[in-house]
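Following: one structure in structure tokens, then a few remarks.
Proteins get letters first, then strands, A, B, ... in listed order; numbering begins at 1 in each. Treat the numbers as computed from the prediction; the structure is a model and nothing was measured.
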Number of protein chains: 2
Amino acid sequence: MRRAALVAATVEEIGEAGTLDVTVGQIARRAGMSSALAHHYFGGKAQIFLAAMRHIQSEYAAEVRRCLQQAEPGKRLEALISANFAPICFAPATVSAWLNFYVLAQSDKDAARLLQIYQKRLHSNLVHALRGRCAAPEQVAEVLAAQIDGTYLRAALAGESINGAEEAVLLAAKALMETS
Amino acid sequence: MRRAALVAATVEEIGEAGTLDVTVGQIARRAGMSSALAHHYFGGKAQIFLAAMRHIQSEYAAEVRRCLQQAEPGKRLEALISANFAPICFAPATVSAWLNFYVLAQSDKDAARLLQIYQKRLHSNLVHALRGRCAAPEQVAEVLAAQIDGTYLRAALAGESINGAEEAVLLAAKALMETS
DNA sequence: TTTTTTATTGACTGATCAGTCAATTAAAGG
DNA sequence: CCTTTAATTGACTGATCAGTCAATAAAAAA
């Protein structure tokens with residue numbers, strides 16, 4: 001499928017360049033087609049990138065479901081954190097795409113809407129996972145969401161030493177639950 | 001001073017656009033001069049933006065010094081966190097510039113170096129402030145640095161509801177110190 | 001005043017790129 | 001086999017912009 005190839009090529013290209021300033025031509029060439037065809041299938045550059053982010057988010061959502069399902073009831077939070085740092089979600093190119101997506105969401109309405117969906121879902125997942133394990137799930141969820149995003153940010157910049165990221169978030173989570 | 005005006009205009013323009021894709025012409029016009037003059041003083045667009053980030057970082061460093069100085073020895077960490085959320089450092093345009101700076105640091109050598117300086121200094125400040133207040137200052141500093149960056153990230157995207165950001169980081173800091 | 005240096009700009013250039021389109025090839029349907 | 005539909009592309013276009021430069025104005029030095 002051409003659309004799938006373009007979505008994959010988009011993530012790879014952005015991951016390699018580290019910026020959203022990749023041309024449609026580059027993406028199309030990597031996907032093995034002409035830039036005109038890319039336009040034919042998606043209409044424009046913005047829509048190509050949004051499709052790529054939707055794909056990343058659906059893979060993320062699937063990973064979350066998978067981890068939550070096979071988690072014992074009292075370990076939902078650990079499963080949720082684990083999902084965020086699964087290889088599919090935490091690959092350098094993926095993280096780089098996220099970082100650029102954040103920047104885009106500041107100026108692009110569609111990106112902002114897509115981001116809000118992710119944030120709301122993460123928040124509600126966190127609150128649910130925290131219920132019964134701390135006194136103020138809402139407040140702790142906010143803090144933990146920032147912790148996850150911040151760890152992502154640093155991962156995108158570190159490149160290599162991504163080790164310890166999940167452990168860091170787990171540490172914060174445990175500390176927050178024990179003291180609130 | 002022309003250079004100062006350009007630096008200020010750069011931050012404003014990026015803050016308003018939410019992206020690094022602002023033209024030298026826009027920046028120069030906001031600073032009340034021609035784009036040719038902007039090139040005359042800085043040499044190129046990249047250097048204009050780097051100068052703006054250096055300015056932001058020097059203001060930040062000054063705020064950190066100020067807060068640390070007037071803090072009692074046992075409250076260094078609180079002072080450090082407070083500095084990060086001072087109006088000068090936490091203004092929407094400033095946070096937006098930071099976010100774009102992060103993205104740039106993925107592909108630009110000079111930006112990466114500048115970012116590393118900031119990260120190293122923040123880390124060493126955190127470790128110093130944590131010494132004697134928890135068992136594993138190094139580890140906690142990593143977690144807290146991510147917490148601060150993540151909170152910044154969310155601030156750039158929230159726009160309005162920046163309230164509670166400092167409180168969130170403080171909450172995380174206290175929890176981490178009590179449990180490690 | 002004259003000269004030299006600095007500040008300043010409008011007008012260009014060269015390159016890049018998103019998006020279009022008419023034309024070609026291939027596939028599907030009848 | 002013929003026809004209709006879909007896939008595919010090379011070649012363009014129009015616009016944008018970073019960076020240059022020669023020329024002018026202003027200020028400083030002599």
Side-chain angles (χ1 to χ4, degrees), chain A residues 1-55 96-97 100-101 103-112 114, chain B residues 1-55 96-97 100-101 103-112 114:
Chain A
M1 198 60 178
R2 252 60 217 274
R3 291 175 64 101
L6 280 169
V7 160
T10 302
V11 176
E12 286 166 26
E13 204 69 36
I14 289 174
E16 220 163 84
T19 166
L20 225 45
D21 288 335
V22 290
T23 72
V24 176
Q26 285 172 301
I27 293 172
R29 189 160 66 252
R30 185 182 284 251
M33 74 193 75
S34 74
S35 75
L37 196 55
H39 278 101
H40 173 70
Y41 277 115
F42 281 99
K45 188 181 174 174
Q47 288 145 77
I48 297 178
F49 181 58
L50 283 183
M53 283 311 303
R54 261 185 239 108
H55 177 252
S96 182
N100 281 280
F101 176 61
V103 170
L104 183 66
Q106 283 181 121
S107 59
D108 184 290
K109 209 113 197 210
D110 293 324
L114 194 53
Chain B
M1 198 59 177
R2 252 60 217 272
R3 292 175 63 101
L6 280 169
V7 160
T10 302
V11 177
E12 287 167 25
E13 204 69 36
I14 289 174
E16 219 163 84
T19 169
L20 224 47
D21 289 334
V22 291
T23 71
V24 176
Q26 285 172 301
I27 294 172
R29 189 159 66 252
R30 186 182 283 250
M33 74 194 75
S34 74
S35 76
L37 195 56
H39 277 101
H40 173 70
Y41 277 115
F42 281 98
K45 188 181 173 174
Q47 288 146 79
I48 297 178
F49 180 59
L50 282 183
M53 282 311 303
R54 262 186 238 108
H55 177 251
S96 182
N100 280 281
F101 177 61
V103 171
L104 182 67
Q106 283 182 118
S107 59
D108 184 289
K109 211 115 197 210
D110 292 325
L114 193 53

Decide yes or no for [X] and [Y]: does some side-chain heavy atom of the first lie under 4.5 Å from some side-chain heavy atom of the second?
{"X": "A:V7", "Y": "A:R54", "answer": "no"}
{"X": "A:L20", "Y": "A:V103", "answer": "no"}
{"X": "B:E16", "Y": "B:Q26", "answer": "no"}
{"X": "B:F101", "Y": "B:L114", "answer": "yes"}

Quiz prompt | Shortest non-hydrogen contact from A:A51 toward A:F42 | solution =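 Heavy atoms only, the tightest pair is CB-CE2, 3.4 Å.
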Practice problem: Check B:K45 against B:V22 and note the closest heavy-atom contact, atom names and distance. | Solution: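 That closest heavy-atom pairing would be NZ-O, 3.0 Å.
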Self-check item: Rounded distance in Å - CZ (A:F42) to P (C:dT20)
Solution: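 So the CZ-P distance, A:F42 to C:dT20, works out to 16 Å.
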Polar-atom pairs under 3.5 Å, protein N or O versus N or O of nucleotides 13-18 of chain D: list them with distances, or write none.
| residue | atom | partner | partner atom | Å |
| --- | --- | --- | --- | --- |
| D:dA18 | OP1 | B:K45 | NZ | 3.2 |
| D:dA18 | OP2 | B:V24 | N | 3.2 |

Quiz item: Can you name the one residue among B:T19, B:I14, B:N100 that meets side chain to side chain contact (heavy atoms under 4.5 Å, CB included) with A:Q106?
Solution: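 That would be B:N100.
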Under 3.5 Å between N/O atoms: give me all the protein pairs with nucleotides 9-12 of chain D, atom names plus distance.
| residue | atom | partner | partner atom | Å |
| --- | --- | --- | --- | --- |
| D:dT9 | OP2 | A:S34 | N | 3.1 |
| D:dT9 | OP2 | A:S34 | OG | 3.3 |

Practice problem: State whether the number of non-hydrogen atoms from other residues, nucleotides or ligands found under 6.0 Å of B:R29 atom CZ is greater than 12. | Solution: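 No, the 6.0 Å shell around CZ holds no more than 12 heavy atoms from other groups.
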